[in-house]
Amino acid sequence: MENKSPLSPHIQIYKWYISSLVSISHRITGIINIVTITLICLWASLLLLGESNYAAINTLLNSSIGKFIIL
């Protein structure tokens, strides 16, 4: 007799609940907020430290990677 039961049945019968979706989205937006606030603080501190430092962060933020991060 061949065993045809799935290896992980809990994945197939798992239902998504609104509370789990809200929890996941809350964590994702929290991570995005931390990264954004860190970049804004870095940008402001380099602005206060001088024009050459500001040019360096401005070059980074105007690059393709910087525009992707900002987006």
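Quick note: numbers below take in every heavy atom, side chains included, and nothing from hydrogens, waters or symmetry partners. Note that this is a predicted model, so its numbers are computed, not measured.
Grouped by direct or indirect side-chain proximity (heavy atoms under 4.5 Å, Ile/Leu/Val/Met/Phe/Trp/Tyr only), Ile40 sits alone. Here Val22 is tied into one hydrophobic group with Ile18, each link being a pair of ILVMFWY side chains closer than 4.5 Å.
Every residue two or more places apart in sequence or in another chain that forms a side-chain contact (heavy atoms from CB on, under 4.5 Å) with Ile28 is listed here: Ile24, Ile32. By the side-chain contact (heavy atoms from CB on, under 4.5 Å) test, Ser23 pairs with Arg27, sequence neighbours left out. Shown here are the side-chain contact (heavy atoms from CB on, under 4.5 Å) partners of Leu49, two or more places apart in sequence or in another chain: Leu46, Asn53.
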Side-chain donor-acceptor pairs under 3.5 Å in residues 60-71, sequence neighbours left out?
| from | atom 1 | to | atom 2 | distance (Å) |
| --- | --- | --- | --- | --- |
| Asn62 | ND2 | Asn58 | O | 3.2 |
| Ser63 | OG | Leu60 | O | 2.6 |
| Ser63 | OG | Gly66 | N | 3.3 |

